[in-house]
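Structure record follows, encoded as structure tokens.
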Protein chains: 2
Amino acid sequence: MNIGEAAAASGVSAKMIRYYEATGLLRAPPRSEGGYRVYDAAGVHTLRFIRRARDFGFAMPVIRQLVGLWQDPGRESHDVKELALAQVAELRRRIGELQMMEAALARLAASCHGDARAECPILEDLAMPRAGDRAAPFPADKNSSSCHAHQAPESASRRRPASRAARS
Amino acid sequence: MNIGEAAAASGVSAKMIRYYEATGLLRAPPRSEGGYRVYDAAGVHTLRFIRRARDFGFAMPVIRQLVGLWQDPGRESHDVKELALAQVAELRRRIGELQMMEAALARLAASCHGDARAECPILEDLAMPRAGDRAAPFPADKNSSSCHAHQAPESASRRRPASRAARS
DNA sequence: ACGTGGGGTTGCCATCATGGGAAGGTCAAG
DNA sequence: CTTGACCTTCCCATGATGGCAACCCCACGT
């Protein structure tokens with residue numbers, strides 16, 4: 001079984017199979033006389049295991065542990081469950097993060113008229129400094145959400161570019 | 001205002017400020033005689049805007065659009081709202097994905113005893129081929145979740161490594 | 001006036017998982 | 001024996017970020 005067939009059978013791209021092998025996640029399979037990687041059913045099975053673990057969002061180091069446990073007949077299911085629960089916690093953390101963003105942004109979007117006028121609470125909120133920001137040295141920008149005269153595009157640049165130019 | 005102060009005032013690291021400038025998200029600020037970037041309050045304000053947009057998970061190309069709209073007095077709030085709603089949809093899509101994973105994995109973890117025994121439904125599920133997988137050429141692996149004799153580690157490798165070795 | 005430390009500048013490398021592509025070797029079918 | 005599909009390795013890129021190295025600049029202290 002060549003790498004292409006193994007890829008089709010496992011759902012892992014050939015590129016990724018080589019990558020997993022290079023990073024030590026997979027043991028190198030034997031090679032044919034021409035140097036082709038030759039996979040057997042067990043190898044494909046391992047690849048499917050890895051893909052399934054990735055589908056659950058496990059990071060590669062954890063997948064390495066999982067594969068090790070899977071192939072270890074003396075494993076204790078306690079260790080597997082611990083990894084799984086840690087991943088559940090991580091997923092919940094990420095879900096919570098995204099939900100915070102989603103709720104805040106949906107609320108903002110709902111408050112925006114969405115018409116042809118320039119006034120927009122979304123931009124106003126984005127432009128608003130929040131608690132936790134160090135104060136700017138002078139609060140001179142009152143017309144925040146309509147500032148259009150920002151930094152000068154090209155003015156008096158590189159008065160002494162000698163050293164930088166010389167280095168390259 | 002040097003880049004360090006601008007970073008502290010905006011919450012964007014100096015590294016990221018340079019990165020945003022290099023990728024065209026920020027216009028290059030004027031430089032001092034020594035070549036230092038010099039930021040004014042408007043520049044810091046823009047940086048805070050960008051950081052806030054990143055906090056909402058907007059991708060950089062979208063942030064570019066948002067900054068453009070923000071600085072465009074002739075903008076229409078419709079365009080802003082459209083970007084925001086697209087981002088809300090994207091966040092919901094990601095949340096849904098993660099929730100699928102989380103639910104499935106939590107269910108699996110709950111079904112695992114988590115004791116000293118090797119038997120583990122989590123590993124069994126990971127090892128189980130799902131619908132959508134191309135069938136393996138022969139279904140020879142019945143003792144799936146306890147397979148420990150996988151590929152041979154080092155056997156008859158590189159019978160003809162001449163070309164590869166010669167190239168490097 | 002001179003040194004020194006802190007901070008600026010560029011550039012390169014690394015992440016993490018993945019894809020793309022080039023240059024070259026292998027294999028199987030016609 | 002040719003040809004086209006497939007494999008091999010190596011290099012590069014992503015997106016957003018951090019780290020390090022080498023070098024430069026500035027302000028402050030003596």
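These values consider heavy atoms only, across backbone and side chains, with no hydrogens, waters or symmetry-generated copies. Chain letters run A, B, ... following the sequence lines, proteins first, then strands; residues in each count from 1. Not measured: the values here are computed from a predicted model.
For B:F56, the side chain to side chain contact (heavy atoms under 4.5 Å, CB included) criterion is met by A:A104, A:L105, A:L108, A:D125, A:L126, B:R52, B:F58, not counting sequence neighbours. Looking at residues two or more places apart in sequence or on another chain, you find a side chain to side chain contact (heavy atoms under 4.5 Å, CB included) between B:E90 and B:Q87, B:R93, B:R94. With sequence neighbours left out, the side chain to side chain contact (heavy atoms under 4.5 Å, CB included) criterion links A:T23 to A:Y19, A:L25, A:M60, A:R64. Every residue was checked against the salt bridge (Lys or Arg N to Asp or Glu O under 4.0 Å) condition with A:R18, not counting sequence neighbours, and none meets it. Remark: B:E21 pairs with B:R37 by the side chain to side chain donor-acceptor pair (under 3.5 Å) rule, at least two apart or across chains. In terms of the salt bridge (Lys or Arg N to Asp or Glu O under 4.0 Å) criterion, residue partners of A:E102 (sequence neighbours excluded) are, by chain and number, B:R92. Partners of B:Q65 by side chain to side chain donor-acceptor pair (under 3.5 Å), not counting sequence neighbours: none found. For the side chain to side chain donor-acceptor pair (under 3.5 Å) test, residues two or more places apart in sequence or in another chain that qualify with A:D115 are A:R117, B:S77. Listed by chain and number, the residues in a side chain to side chain donor-acceptor pair (under 3.5 Å) with B:R107 amount to none (sequence neighbours excluded).
Contacts of residues 16-24 of chain B with DNA chain D (heavy atom under 4.0 Å): B:M16, B:Y19, B:Y20.
Per the geometry, CD belonging to A:E33 stands 15 Å off P belonging to D:dT8, to the nearest Å. If you measure from atom CE of B:M60 to atom P of D:dT14, you get 12 Å, rounded to the nearest angstrom. Rounding to whole angstrom units, CD1 of residue B:I50 and P of D:dG15 are separated by 16 Å. Computed from coordinates, the B:F56 CZ to D:dA16 P distance equals 17 Å when rounded to whole Å. Following rounding to the nearest Å, A:M1 (CE) and D:dC6 (P) show an atom-to-atom distance of 14 Å. As a whole-Å value, the separation of B:L26 CG from D:dA16 P is 14 Å. One can place CZ of B:R37 at 14 Å from C1' of D:dC25, the figure rounded to the nearest angstrom.
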Restricting both atoms to N or O, compile the protein contacts to nucleotides 3-7 of chain C shorter than 3.5 Å, with distance only.
{"residue": "C:dG7", "atom": "N2", "partner": "B:Y36", "partner atom": "OH", "Å": "3.0"}

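For A:S32, taking side-chain heavy atoms from C-beta onward, the closest of the listed nucleotides C:dC27, D:dT9, D:dG19 is C:dC27. Closest approach to the B:R54 side chain among D:dT17, D:dC26, D:dG19 is made by D:dT17 (side chain taken as heavy atoms from C-beta onward). Comparing atom distances between the A:R31 side chain and each of D:dT9, C:dC12, D:dT17 picks out D:dT9 as nearest.
No donor-acceptor pair closer than 3.5 Å links the side chain of B:R75 to the backbone N or O of B:V80.
A close approach under 4.0 Å does occur between a side-chain nitrogen or oxygen of B:S13 and OP1 or OP2 of D:dG18. Checking the phosphate oxygens (OP1, OP2) of D:dA16, no side-chain nitrogen or oxygen of B:R51 falls inside 4.0 Å.
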Let me see the working for B:Y39 and B:I3 under side chain to side chain contact (heavy atoms under 4.5 Å, CB included), right down to the final yes or no.
CA-CA 7 Å; B:Y39 296 91; B:I3 199 173; 3.8 Å; yes
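Ring planes of B:W70 and B:H45: perpendicular class, angle over 60° (limits at 30 and 60°).
An end-to-end axis angle of 30° holds for the helix from C:dA1-D:dT30 to C:dG30-D:dC1, taken from five base pairs per end and rounded to 10°.
A donor-acceptor contact under 3.5 angstrom links the side-chain atoms of B:K15 to the base of C:dG11.
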